[in-house]
Asks: 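One structure coming up, written as structure tokens, with questions to follow.
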Amino acid sequence: MSSISRSVGIKRVPIEEERQQLVTELVFTIAISPHQTAQVLKFIGQRLPKLSGIEHVKRVKKHPDGGLLVIMCQCSQISREELSIELQGTEWETLEVAEHAVPTVAPYTAEQYDLWKAVWPVSYRPPVIVRTVLSPDDREYIERILRYVADSMSTDDEDVVVAICSPHTRLIMAETTVSQASRKVHPLEHAAMCCIAQVADAELRRQESASDVLPAKRPHSPSTVDDDSNGDYVAGYLCEGLDVFASREPCVMCTMALVHSRIGRLFFLAASPSGGGVSRYSMHSYKSLNHRFSAFQCSITSTDKI
Amino acid sequence: MSTPGYDDGASTSTRLDFMKQALSMANEALDTKEVPVGCVFVHNNQIVGRGRNETNATKNGTRHAELVAIDRMLASGFPLTSFPQTTLYVTVEPCIMCASALRQINIGLVVFGCHNDRFGGCGSVLHVNSDEGLDGTEYRYVSGVYKDEAILMLRKFYVKENESAPQPRKKADRKLKTLDLLVA
């Protein structure tokens, strides 16, 4: 007798900040001795433009010879000539103005911090990343739905299956399978779009049939499941906080539809063959968009057991 | 924009005429408390589809003007094969979702009024219309047609309270600003 056991891998897709490469810009510096620091900083504060957008960069760096390097201002703010005019008549008039590279963006991960600070000292506050560690029963629920999604695919591997679940009830609220043939009839009828429409229709029907009843409340986080008493809830707005499970990474249209719908988490199995919204543009964590969600790339591997 | 592709060769006055129709769809959205974005699709100099935002009424965040119009066109038999010779007139730059949808139906040309700095998929946030390797066909756009009218429409909406927002803001003190706009 042999049976097949399937293990599920769940790997969070890094957000935009975590993928940030080191980018630097130039600043004007002068080398001073430590006892001059207070005076120099006072002069800078009164006469030179404030650092803009690089507040994470430390003003002063130790110099190998025992002195200090002080940032005067960003090279993008004033020219070297303008700076030397400002310096005229000060104690530091004769000091040589140098240029140094400093990190343009604040470090987000500890690895970035190590790399950034080797370029120039920067301050670092480790981020609080919400809901990245999955509790055992959360993980069990995620694996159950992922297996269900994988099993719902026919032998035609062009099928795309999407299910939307509530992390609160851990039940499926909407599910759709879209075949390649139906995409030829309507190229925009993707499984994720259909599921979003199902959630919307269910909410409309619920409101129509129960207009005299209080609106349904949906908790923001799964941890508040049974605590119905404290009133700390918001009504179900679009797909806010819901979990989306997809057999394939959503395309750009569908990923933006998930952003518009304010989902909580996305779990997908196969990467998109033609550039999905998460892998191509990090749209789950795009800073200028008004909503972000956690994305997880998942896998199901079958192993034969004897 | 130098992306090669379809050009409908429409004159400025033709562009203005069709955008007026899109603006009237946006106005319909405003009247029903929807974000005022409207559009028309034009094929062979004829309007073959109309749409406006319906996100609040449907409780579906994907019911943007463009997708509403495309769904209706396909349901009523407009052939998929005609989209490459079709021009979309939409009052506001398509969002990233709609920009991708337009690419996937192989739209010929997109004409829009004002840019969409928060969600725009035709250059403002992402370049979904022209980036290489995505699904569908790259397309060109023309911007700025009745731009100020489109902005005024949005401002009229955002000075009011959006009852469908998760936490509606009180906006009783807000005033409609128009001094920077050139509208008739």
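All values derive from a computational prediction rather than experimental measurement. Side chains included, hydrogens not; waters and symmetry mates left out as well; all remaining heavy atoms used. Order of the sequence lines fixes the chain letters, A, B, ..., with proteins taken first and strands second; residue numbering starts at 1 for each chain.
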Asks: Run the salt-bridge test on E28(B) and R52(B) with the 4.0 Å N-O cut-off and return the result as yes or no.
Replies: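 A salt bridge links E28(B) with R52(B).
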
Asks: Give, as side chain, backbone, both or neither, the part of C95(B) having an atom under 4.5 angstrom from any heavy atom of chain A.
Replies: side chain

Asks: If I measure from the heavy atoms of chain B, does V259(A) come under 4.5 Å with its side chain, its backbone, both, or neither?
Replies: neither

Asks: In plain terms, say whether R103(B) and D131(B) are close enough for a salt bridge, that is, a side-chain N and a carboxylate O under 4.0 Å apart.
Replies: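 No, no charged N to carboxylate O under 4.0 Å.
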
Asks: Could you work out, with ring pair (Phe, Tyr, Trp, His ring centres under 6.0 Å) as the rule, every residue matching F268(A), not counting sequence neighbours?
Replies: none

Asks: Taking ring pair (Phe, Tyr, Trp, His ring centres under 6.0 Å) as the definition, give me every residue that meets it alongside H260(A), ordered by chain and number, with sequence neighbours left out.
Replies: H64(B), F119(B)

Asks: So which part of A57(B) gets closer than 4.5 Å to some heavy atom of chain A, the side chain, the backbone, both or neither?
Replies: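 The answer is the backbone of A57(B).
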
Asks: Pick one of side chain, backbone, both or neither for D71(B), based on which atoms fall under 4.5 Å of a heavy atom in chain A.
Replies: both

Asks: Please enumerate all residues that pass ring pair (Phe, Tyr, Trp, His ring centres under 6.0 Å) together with Y146(B), with sequence neighbours excluded.
Replies: none

Asks: Quick one: which residues of residues 188-197 of chain A reach chain B at under 4.5 angstrom, heavy atoms only?
Replies: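 Only L188(A), H190(A), M193(A), I196(A), A197(A) of residues 188-197 of chain A have a heavy atom under 4.5 Å from chain B.
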
Asks: By a 4.5 Å heavy-atom criterion (distance strictly below it), what part of L67(B) contacts chain A: side chain, backbone, both, or neither?
Replies: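 The side chain, not the backbone.
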
Asks: Under 30°, 30 to 60°, or over 60°: which ring-plane class applies to F41(B) and F83(B), parallel, tilted or perpendicular?
Replies: perpendicular

Asks: In the structure I gave you, are the side-chain heavy atoms of Q21(B) and V42(B) within less than 4.5 Å of one another anywhere?
Replies: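 Of all side-chain heavy-atom pairs linking V42(B) with Q21(B), none is under 4.5 Å.
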
Asks: Does any backbone or side-chain atom of L74(B) lie under 4.5 Å from a heavy atom of chain A? Answer side chain, backbone, both or neither.
Replies: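 Just the side chain, heavy atoms under 4.5 Å.
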
Asks: Looking at V125(B), T55(B), N106(B), which has the largest count of heavy-atom pairs under 4.5 Å with chain A?
Replies: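 Counting heavy-atom pairs under 4.5 Å, the top option is V125(B).
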
Asks: So does R205(A) pair up with E208(A), basic N to acidic O under 4.0 Å?
Replies: no

Asks: Answer with side chain, backbone, both or neither: which region of L126(B) has an atom nearer than 4.5 Å to a non-hydrogen atom of chain A?
Replies: side chain

Asks: At a heavy-atom distance under 4.5 Å, which candidate from L134(B), T58(B), T62(B) has the highest pair count against chain A?
Replies: L134(B)

Asks: Rounded to the nearest 0.5 Å, what's the gap from CZ on F18(B) to OG1 on T87(B)? Could you check?
Replies: 8.5 Å

Asks: When the ring planes of F112(B) and H115(B) are compared, do they come out parallel, tilted or perpendicular, using 30° and 60° as the limits?
Replies: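 Perpendicular: the ring planes of F112(B) and H115(B) meet at over 60°.
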
